[in-house]
Amino acid sequence: MKSKLIQLLNDALSKLIADKALPEIELPEIQIERTKDKAHGDFACNIAMMLARPAKMNPRQIATQLVDALDDVDFITKVEIAGPGFINFTLSPDSMLQIIKDVLAASDKFGLSKVGNGKKVQVEFVSANPTGPLHVGHGRGAAYGSVVSSLLIAAGFDVHREYYVNDAGRQMDILATSVWLRYLADCGEEFVFPSNGYKGDYVLDISASLKESKGTDLRRAAADVFANVPDDEPQGGDKETHIDGLINNAKSLLGEQAYRQLFDLGLNSILSDIRADLADFGTEFDEFFSERSLMETGVVDDAIEKLKASNVLYEKEGAWWFKSTDYGDEKDRVVVRDNGQTTYFASDIAYHLNKLNRGFDTVIDIWGSDHHGYIPRVKASLTAMNQDENRLKVLLVQFAVLYRGKEKAAMSTRSGDFVTLRELREEVGKDAARFFYVLRGADQHMDFDLELAKSQSNDNPVYYVQYAHARVCSVFRQLAERGLSWDKAQGEAALSRLTEEHEQALMGMLARYPEIIEAAALNHTPHILAHYLMDLARDFHTYYNAHHFIVDDIELSQARLSLITAVKQIIENGLTVMGVSAPETM
RNA sequence: GCGCCUGUAGCUCAGUUGGAUAGAGUACCAGUUUCCGAAACUGGGGGUCACAGGUUCGAUUCCUGUCAGGCGCGCCA
């Protein structure tokens with residue numbers, strides 16, 4: 001509809017210029033917007049005001065000439081000039097009714113768009129270190145990423161969803177060592193657990209399974225395990241060197257093969273837990289991409305060679321540095337440490353190069369806002385390797401600050417003191433949790449009150465939307481009980497009977513859905529879809545309370561049933577995009 | 001100190017690329033059920049859009065500065 005209006009106005013403008021009623025100036029892009037106030041018609045255009053300055057004319061005068069030059073079309077009943085020079089359009093009743101037929105015809109396909117034009121987009125999200133179960137902080141990224149992906153799919157993009165598994169770094173060594181130490185304690189060894197080790201209960205589960213499969217094969221004397229290990233922090237030492245010493249002893253006491261088995265046990269246990277958790281949260285991935293595979297297949301080394309060849313690496317104090325300051329970063333960054341090991345950053349350079357080489361038109365990374373400082377160096381590395389950095393888009397998700405009532409809740413994977421995503425899901429349900437997460441803009445710092453989410457889950461807006469859907473279903477159950485039925489053809493033939501204000505409002509709402517999907521997808525703002533669904537549900541509930549759908553006037557009844565079927569369809573479509581169910585009863 | 005994000009009703013937040021009288025939920029107050037589900041609806045009060053300048057027909061929106069809060073500034077991942 002917007003494009004039809006733009007076409008109409010463009011024709012009129014060129015007519016005016018041809019008639020020399022307007023000077024020959026560069027025309028700005030015509031903007032059409034839906035009016036907030038029904039008194040201003042259905043659509044408004046501000047072109048006359050935008051032209052006022054360049055044309056050196058009074059905006060209302062331009063508007064008057066423009067309106068006179070407009071072609072007559074059947075879908076517009078009224079054109080008015082208002083305020084400082086707005087041109088307001090009112091749609092004809094027939095064109096309003098068309099939306100119901102469109103929704104019913106397209107059903108679950110209604111709202112799908114082709115703006116994406118099949119372009120390949122990769123979306124990487126969650127990518128939490130597999131050192132422990134997902135906690136509620138990861139939930140926001142999971143919900144946001146999966147809805148952004150679904151929106152892009154709905155908008156016609158070819159989407160590949162990916163989870164980057166950090167299965168190669170020191171954190172994983174700490175996990176493996178933590179598991180081993182718990183196992184040793186289980187075997188009867190006595191020692192103090194390192195302050196920097198992973199203390200969560202899930203580590204005990206893994207060590208128990210290790211004991212079950214290996215018996216005491218991996219038992220070593222505590223004295224050997226702690227031999228030559230520097231003091232831990234509580235003893236006045238440093239927690240980092242302490243744990244590193246333990247890791248080294250673990251490797252030498254167990255041997256490479258047994259250590260690797262231990263390492264993989266920890267990794268695989270936690271990763272499979274994460275995958276199951278995400279699946280239950282309605283968050284699907286097309287691929288789990290391993291950091292270790294990048295190293296083992298030489299992709300990291302290749303990337304470093306590429307940077308060396310581009311002459312953007314230099315050696316200092318035994319390490320290799322990337323000159324990221326040449327590309328606007330604050331300081332240069334190490335890619336190869338003085339001990340010869342590549343850094344996490346080196347893996348990430350390789351990973352991003354790999355992504356671009358896989359042929360995605362756009363690569364989207366969804367990161368927690370605490371990683372924002374990382375963006376300049378990654379982009380710098382891409383530019384240095386002659387890649388177009390604009391193909392990488394980084395979307396930041398601000399932290400969800402957890403509260404228990406008025407109190408801030410602590411959250412740390414290391415200490416094991418956190419609410420897991422699984423716990424949250426079991427308490428409030430997948431639907432409520434997802435809706436709650438996506439309800440706010442990603443750049444909004446979110447207050448997540450666990451008390452509210454858990455105890456007052458009935459106040460969660462998701463039920464308001466789902467209830468609207470269930471209510472429509474209920475009407476049809478009632479219809480069947482009375483031995484009546486809805487006839488689509490009969491209903492569509494009688495649509496002109498829908499003259500109530502509530503019905504007009506609802507139809508206007510339905511017509512907005514495709515625009516919402518497109519805007520939410522292109523701007524990566526799923527929360528506008530959530531808000532739209534609440535608005536639609538509100539209009540429906542209001543309508544429900546004001547009028548009956550099953551009435552003696554058959555034509556009217558059939559027309560109304562057609563309208564609420566369309567409403568039900570769009571709620572279902574929208575909730576599906578959000579990964580939230582649309583129940584028939586509640 | 002530098003960088004990113006934020007500041008809108010008591011609280012939690014919307015406010016589309018600058019538009020007409022700044023909205024919703026919640027909380028509070030008062031109402032609505034012989035009739036399709038009251039998890040709903042109707043009405044009411046509640047605002048210096050953090051503050052100060054600037055840009056223009058027009059600013060909650062864009063620019064600059066100040067204040068306040070969150071996060072980040074490793075040869076960690």
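It should be emphasised that the depicted structure is a prediction, and the values quoted were computed from it without experimental measurement. Chain identifiers are assigned alphabetically (A, B, ...) following the order of the sequence lines, protein sequences preceding nucleic acid strands; residue numbering begins at 1 within each chain.
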Check your understanding: Taking A:Pro526 as the fixed residue, which of A:Val438, A:Leu439, A:Val577 is the one that meets the side chain to side chain contact (heavy atoms under 4.5 Å, CB included) rule?
Key -> A:Val438

Check your understanding: Closer to the 5' end of RNA chain B via nearest nucleotide, is it A:Leu439 or A:Asn46?
Key -> A:Leu439

Exercise for review: Take atom C1' in B:G7 and the same atom in B:U12, then report the distance between them in whole Å.
Suggested key: 14 Å

Study note, to complete from the structure: Quick note, A:His541 side chain, CB onward, closest among B:C76, B:A40, B:G15 is B:A40

Check your understanding: In whole Å, what separates the P atom of B:C49 from that of B:A30?
Key -> 31 Å

Practice item. Please tell me which of the listed nucleotides, B:C13, B:C73, B:A77, lies nearest to the side chain of A:His531? Key: B:C13

**Study point:** Salt bridge present between A:Asp244 and A:Arg170 (N-O < 4.0 angstrom)
**Key:** yes

Practice item. Please report, rounded to the nearest Å, how far the P atom of B:G15 is from the CD1 atom of A:Ile516. Key: 11 Å

Check your understanding: Quick one: A:His242 NE2 to B:C76 C1', roughly how many Å, whole number?
Key -> 18 Å

Check your understanding: Is the centre of the A:Tyr314 ring less than 6.0 Å from the centre of the A:Phe322 ring?
Key -> no

Check your understanding: Atom NZ of A:Lys331 to atom C1' of B:C73: distance rounded to whole Å?
Key -> 6 Å

Exercise for review: Identify which nucleotide among B:C76, B:C75, B:C4 has an atom closest to any side-chain atom of A:Ala319, counting heavy atoms from C-beta outward.
Suggested key: B:C75

**Study point:** Candidates B:U6, B:C71, B:C41 - which lies nearest the side chain of A:Asp370
**Key:** B:C71

Practice item. Return the nearest nucleotide to the side chain of A:Asn166; candidates are B:G19, B:A77, B:C4. Key: B:A77

Point to revise | Worked verdict on A:Glu233 versus A:Ser195 for side chain to side chain donor-acceptor pair (under 3.5 Å) | key: CA-CA 7 Å; A:Glu233 197 167 81; A:Ser195 61; 5.2 Å; no

Revision key, fill the gap. Picking from B:U17, B:A39, B:A14, the nucleotide nearest the side-chain atoms of A:Tyr467 would be B:A39

Review point. Out of B:C57, B:C4, B:A38, which nucleotide sits closest to the side chain of A:Met49?
Key: B:C57

Check your understanding: Ignoring hydrogens and angles, are the base of B:G72 and the side chain of A:His371 linked by a donor-acceptor pair under 3.5 Å?
Key -> no

Practice item. Using only heavy-atom distances, decide whether a donor-acceptor pair under 3.5 angstrom links the side-chain of A:Asp167 to the base of B:A77. Key: no

Check your understanding: Thinking salt bridges, do A:Asp264 and A:Arg292 make one under a 4.0 Å N-O criterion?
Key -> yes

Review point. How long is the line joining OH of A:Tyr544 and P of B:U32, in whole Å?
Key: 19 Å

Exercise for review: Please state whether the base of B:C35 and the side chain of A:His548 form at least one donor-acceptor pair under 3.5 Å?
Suggested key: yes

Practice item. Sticking with atom C1', work out how far B:U42 lies from B:A68, rounded to a whole angstrom. Key: 40 Å

Study note, to complete from the structure: Which of B:C13, B:A77, B:G19 is nearest the side chain of A:Glu291? It is B:A77

Revision key, fill the gap. With the side chain defined as heavy atoms from C-beta on, A:His40 is closest, among B:A20, B:A77, B:G37, to B:A20

Review point. Among B:G19, B:C76, B:G37, which nucleotide sits nearest the side chain of A:Met586?
Key: B:G37

Review point. Do A:Glu162 and A:Tyr351 pass the side chain to side chain donor-acceptor pair (under 3.5 Å) test, and can you show the C-alpha distance, the side-chain angles, and the key distance before you say yes or no?
Key: CA-CA 12 Å; A:Glu162 196 159 305; A:Tyr351 181 41; 2.8 Å; yes

Practice item. For B:C76 and B:A39, measure between their C1' atoms and round to the nearest Å. Key: 48 Å

